[in-house]
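Written below as structure tokens is the structure these notes are about.
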There are 2 protein chains.
Amino acid sequence: MATLKEVAELANVAPMTVSRVINNPEAVKENTRLRVVAAMKELRYSPNVAAKSLAANRCGVIDVFIPESIDLSNPFVMHFIAGISSELSEHYYSFLILRNRGIEHQCDGYIVTGLLKNEIDEFAQYARERNRPVVLFGHTDIADVDCIDVDNVLGAECGVRHLINEGHRKIAMVNVLEDKDYTVDRLNGYRKSLEDAGLEYNPKLVFYAQNSVEGGETAAAELIAREKVSAIFCATDTIAIGVSNKLKALGYSIPDDISLIGFDGLGHQLLASPPITTIQQPVYKLGAMLAKTLLGRLNGREAATKMMVAPKLLRGGSDKSFNAVVNPEMD
Amino acid sequence: MATLKEVAELANVAPMTVSRVINNPEAVKENTRLRVVAAMKELRYSPNVAAKSLAANRCGVIDVFIPESIDLSNPFVMHFIAGISSELSEHYYSFLILRNRGIEHQCDGYIVTGLLKNEIDEFAQYARERNRPVVLFGHTDIADVDCIDVDNVLGAECGVRHLINEGHRKIAMVNVLEDKDYTVDRLNGYRKSLEDAGLEYNPKLVFYAQNSVEGGETAAAELIAREKVSAIFCATDTIAIGVSNKLKALGYSIPDDISLIGFDGLGHQLLASPPITTIQQPVYKLGAMLAKTLLGRLNGREAATKMMVAPKLLRGGSDKSFNAVVNPEMD
DNA sequence: TCCTAAAATGTTAGCGCTAACATTTTAGGA
DNA sequence: TCCTAAAATGTTAGCGCTAACATTTTAGGA
């Protein structure tokens, strides 16, 4: 493999000029640049990543911190990591998934997820001491921690508003039985869009389930026994699949008798029949965005990143207009 | 961060001795080793990956070749890549997923999948010219290409034998409508276990479907209209989910009326109700094994690796004994 | 005790880049 | 034409490690 030095010789410039053409082309005269580019092409030059990192005082490794409580083989995490991985490897960074903060090793920065508020403070301090940037999946006010989060409230609002626009007036929710930010947010979104539409929020229409197919089945049985609704908003697609299974087993048709909307859009909503309409989180893209933000920091960007990403409605076949009482306004 | 040199000073040895303690501890006297290890611990030393790669004439990047025809977001590929990724990053290698062989860049070796026979020959030659090792997911006789494959015949045999052992005698198969090695192999396994049990292989009991939920639904409708069977072996879990949906919609109970077995075991078999019994491929592990094999080559192992991995039955709730005619022998 | 081969450790140079500073070239006004 | 500041390019040193060879130490037989 050709080295930068060989390219320099062929183009009749100093090695540093070749380096500039690669890393900071504006600093080189157009004429010289073209000569160097031609030489690179002729020698099929491609940079040695290890040498680059070493000279730039990097080690080329990013730590991705995911607490042990989170199962790495769940689809959400897999998509998330795939997004991170794609962005990092494109820039020849390797990454290490850390499950706890026991062992320390060399890395250039951190991508962090699944931490509680006080843990975030602590982690930020830890990183600061080591002079390494941190990007968080979630939200924090800490100035030197970049963060990107999904707007679960907005997502839930969007889903329920869609049902309301289809004419549904009595809409149940099956939430996850877990006290996490996202469950609270999705409930709030559900409630907000009802109230925005002038509909009463009725806690009796909110059911709780384990985040599993069986959880959804159990909740659906309970729901059907107690309430009569025309639509159900599920806090996750997994629950929605369980609800779908149970409703069909009880003889209801989806969407003719009951409309259904899930949340997540990681792909398994497509395995139900009909495929479930869902609020899709761009998880892969989120992972990639986090990685990109971190690399930006490493390349000297100073401005803080604080972002909220809105998930979007992805139509399947599990919802339809209710009665003729459709609100034709918008969707 | 402490460097190897600092460790050497503290332990009062040459830097090279520290390097030996890390990479080849048998070459160092126990006494010295302990002193160095203590120094490393005291200084919280961890090696700089970039420097290591550079000095060892590596670049720390592995190319993972996955043809464009394969969708990266399908669960099989995601698990596969996750396995590769986990093994590589543990050794601080980064990797790049290549979709075609257009651009060339520096890398230490290749992991390759999804190639046809002649493409494998060609790729092996390409890698040989660059003096880089290749590990293939699949099978080849080429001596200098390591390979690891899943034994689809054995897997299918195992599933169908299980049904036979449960007393089933009339077992249909829904295969994927695609002329690939794995579809042929799974059909052969189905056929073989029938014949081994002295049952007749009847081509009329083999149905074909697109590898999708809808494909499975369509095939199931056709199957039910034409044949009366007590069990169905599906070539993929996705198809099995479609079959399950349709059978339930037609009023059949699973497993009481019909037993069902799928193939893949990537997780979505759990989303059906009841969860589908499947032949599980250890895809994540396969990815990790491929990566480990490649790293072994890079570290000087000479012996070729040619491996077949047998997938295993993973019981869900979609199969049960048929009649009292159970063969109690074994499973 | 001396000698020798093997074991243990050390020395030197270099992997391929870039940061930081040094020098040369260029453009354009006086 | 000369001068000056900015633009362009070059030089030097070093990032942190390991390969390859060199030297020292050690064990154990003569």
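Nothing here was measured: the structure is a model prediction, and the numbers come from that model. Chain identifiers are assigned alphabetically (A, B, ...) following the order of the sequence lines, protein sequences preceding nucleic acid strands; residue numbering begins at 1 within each chain.
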| remark: Taking for Glu26(B) and for Ala55(B) the nucleotide of DNA chain C with the nearest heavy atom, the one nearer the 5' end belongs to Glu26(B)
| request: Could you check Ile22(A) against Met16(B) and say which one's nearest nucleotide on DNA chain C is further toward the 5' end? | output: Met16(B)
| query | Considering only dG16(C), dC21(C), dG16(D), which nucleotide approaches the side chain of Arg20(A) most closely? | reply | dC21(C)
| task | Could you grab the distance from atom NZ of Lys285(A) to atom OG of Ser86(A), nearest 0.5 Å is fine? | result | 12.5 Å
| message | Any base atoms under 4.0 Å from Ser53(A), or only sugar-phosphate, or nothing? Heavy atoms, all strands. | response | nothing
Only pairs under 3.5 Å count here: list side-chain donor-acceptor contacts from residues 110-124 of chain B, not counting sequence neighbours, and write none if there are none.
from      : atom 1 : to        : atom 2 : distance (Å)
Tyr110(B) : OH     : Arg132(B) : NH1    : 2.8
Glu119(B) : OE1    : Leu116(B) : N      : 2.7
Glu122(B) : OE2    : Arg101(B) : NH2    : 3.4

| task | Taking only the side-chain heavy atoms of Ala14(A) (C-beta and beyond), determine which of dC17(C), dT9(C), dT11(D) contains the nearest atom. | result | dT11(D)
| task | Count the heavy atoms of every other residue, nucleotide or ligand shown that sit under 6.0 Å from CZ of Arg301(A), and state whether that count exceeds 12. | result | yes
| request: Classify the side-chain pair Asp63(B)/His105(B) by whether it contains a donor and acceptor separated by less than 3.5 Å. | output: yes
| query | Roughly how many Å is it from CD in Glu6(A) to C1' in dC15(C), rounded to a whole number? | reply | 13 Å
| query | Using a cut-off of less than 4.0 Å, is there contact between a side-chain N or O of Thr17(A) and OP1 or OP2 of dT9(D)? | reply | no
| said: Nearest to the Asn23(A) side chain among dT18(C), dG16(C), dT9(D), which nucleotide is it? | reply: dT18(C)
| query | Base, sugar-phosphate, or nothing for Pro47(A), non-hydrogen atoms under 4.0 angstrom? | reply | sugar-phosphate
| So does Ser19(A) get a side-chain nitrogen or oxygen closer than 4.0 Å to the phosphate oxygens (OP1/OP2) of dT18(C)? | yes
| With respect to the side chain of Thr3(B), which nucleotide from dT18(C), dT9(C), dC17(D) is positioned closest? | dC17(D)
